[in-house]
There are 2 protein chains.
Amino acid sequence: MSVKERREQEKKHRREQIINAAEKVVFEKGIEHVRMDEVAEIAQVSKGTLYLYFKSKMELALAIHLRGLKILLKQIASELSKPGKGIELIQRMSRCFFEFAEEHPHYFKLFVYYETIGIDIMQDVMDTSTMAECNKIGDEVFYYIVRAVQVGIQDGTIENSFNPHNVALQIMGSTRGLVQVSQFYEQGIFISPALSEANVDIESMFDLYFKLIIKSLRPEK
Amino acid sequence: MSVKERREQEKKHRREQIINAAEKVVFEKGIEHVRMDEVAEIAQVSKGTLYLYFKSKMELALAIHLRGLKILLKQIASELSKPGKGIELIQRMSRCFFEFAEEHPHYFKLFVYYETIGIDIMQDVMDTSTMAECNKIGDEVFYYIVRAVQVGIQDGTIENSFNPHNVALQIMGSTRGLVQVSQFYEQGIFISPALSEANVDIESMFDLYFKLIIKSLRPEK
DNA sequence: TCATAAAGTGACCAATAGTCAGTAAGATAT
DNA sequence: ATATCTTACTGACTATTGGTCACTTTATGA
């Protein structure tokens, strides 16, 4: 058995080594400009070997994204283990996304890429374990939000006629949307002249966002 | 001059003919599976000709997207020409997005694709007239929202301490996000079992969305 | 009728994701 | 120690497809 186990370890190590190489190239050149030949070269492995460990280029890139997701989930889980009112949990969680975007811009870029890309492109990767792991983390994040909403309904910081699952979707959606808009803003596309005239910057966008979320969720008296 | 004019007309016509062909293929097979050879064949034109009228595959696809944008803008403009309180205008505009998604699913798919794709892929198309037109329409939509917010502040249906540009960004962002989430939902990815248990469907998502928007924007007494 | 310009063509090129027949390493059996 | 078998690895090769360009066709006008 020791032989089999060692093999297992070596395989895992090799896999990580390949992901490391791919990550390096992706972070340097952007996911659009990655060639599998280059990844193979940097991983000191032949191109064929890449395809022993990953079904396709897509799965390899997804494996990088998974690393980012794990960081994000860990952060969210850590924030939500601290005590607090439901509405505060929501706020902390949203803040996790924004902090993730700031602290891990490379992973975040992948995050945006994958969360927004059409699924048809993902089709060939749907049945991989990498995809399954990504989905699992997505689910976990969603349920953290649902639970936070439920807590808020219990402790009276969130309107109790709302459906927690539905509210969780709204929060995921609006966070996602704002994060995208802020990306556009940072990249200078998109009406930026008018916005700077109007004294709108990323900071004030997030401020207003939090304000609106809280106001929209609070109980009607 | 008549000759030159006729040429101009013929060119425009040829261009439309190519976009028609491309649209047919894109709508049939999805933008990812379109080959320029096939477009050329269907347009009854040689491949080289495609590149006389469009800088790249991207610009051709963008020209299809532009058609969708024009439909959407027209719809929004029409809704906003009718009188109403500011907050109602906002609501109508949001509804335009959702209706657009339902009535023009193909254009809408392109819409999601383009609004979320990284700009690095768009780089080669940035200096085209097609891109300029798309941006112009994007700006117009944005300013429609800004104006609606300003109207709302005037008529007392929207909290007057808010910055209209900032609010407009929030609305664009959350609408965009919800629209994406609803897409995921419809495509069956994404936690759908739990949601159907919790009686959440597209309809109820949009209901809650409107409710939250209105609540978050209304004036504090 | 011929010269010039504009529009159009399609064989060709370049880039690159993915394959597969063959090789190497090393474990296992004799 | 040798032969055999298994597993991992290799890299030349194929297939696909976006884009190019030297050449042909068509139309205009002198």
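Letters A, B, ... are given to chains in the order of the sequence lines, protein chains preceding strands, and every chain is numbered from 1.
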Legend entry - Residue pairs passing the salt bridge (charged side-chain N to carboxylate O under 4.0 Å, His left out) test where at least one lies in residues 64-78 of chain A, sequence neighbours excluded: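 Pairs touching residues 64-78 of chain A that pass the test: A/Glu16-A/Arg67, A/Glu23-A/Arg67, A/Lys70-A/Glu133.
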Legend entry - Sub-4.0 Å heavy-atom contacts from residues 12-45 of chain A onto DNA chain C, ordered by number: A/Val34, A/Arg35, A/Met36
Legend entry - Proximity to DNA chain C (any heavy atom under 4.0 Å), residues of residues 46-60 of chain B only: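 Those residues are B/Ser46, B/Gly48, B/Thr49, B/Leu52, B/Tyr53.
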Inset, instruction - Could you pull out all residues at least two apart from B/Gln75 that satisfy side-chain hydrogen bond (donor to acceptor under 3.5 Å, both in side chains)? - result: none
Inset, instruction - Return the set of residues passing side-chain hydrogen bond (donor to acceptor under 3.5 Å, both in side chains) with A/Asn163 (not counting sequence neighbours), or none when no residue passes. - result: none
Legend entry - salt bridge (Lys or Arg N to Asp or Glu O under 4.0 Å) partners of A/Glu203, counting only residues at least two apart: none
Legend entry - Results of salt bridge (Lys or Arg N to Asp or Glu O under 4.0 Å) for A/Glu99 - residues two or more places apart only: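 So A/Glu99 forms no salt bridge (Lys or Arg N to Asp or Glu O under 4.0 Å) with any residue.
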Legend entry - Pairs satisfying side chain to side chain donor-acceptor pair (under 3.5 Å), at least one member in residues 37-49 of chain A, at least two apart: A/Lys29-A/Glu38, A/Asp37-A/Lys47, A/Ser46-A/Thr49
Inset, instruction - Can you tell me the distance, in whole Å, between the CG atom of A/Asp124 and the P atom of C/dA17? - result: 13 Å
Legend entry - Rounded to 10 degrees, the angle between the two terminal axes of the helix from C/dT1-D/dA30 to C/dT30-D/dA1, each from five pairs: 20°
Can you list everything that forms a side-chain contact (heavy atoms from CB on, under 4.5 Å) with [X]? Sequence neighbours excluded, please.
X: A/His104; answer: A/Ile71, A/Phe100, A/Tyr107
X: A/Glu32; answer: A/Tyr113, B/Asp120, B/Ile121
X: A/Thr128; answer: A/Lys55, A/Glu59, A/Val125, A/Thr130, A/Met131

Legend entry - Axial cation check for B/Phe98 ring with B/Arg95, 6.0 Å and 45° limits: no
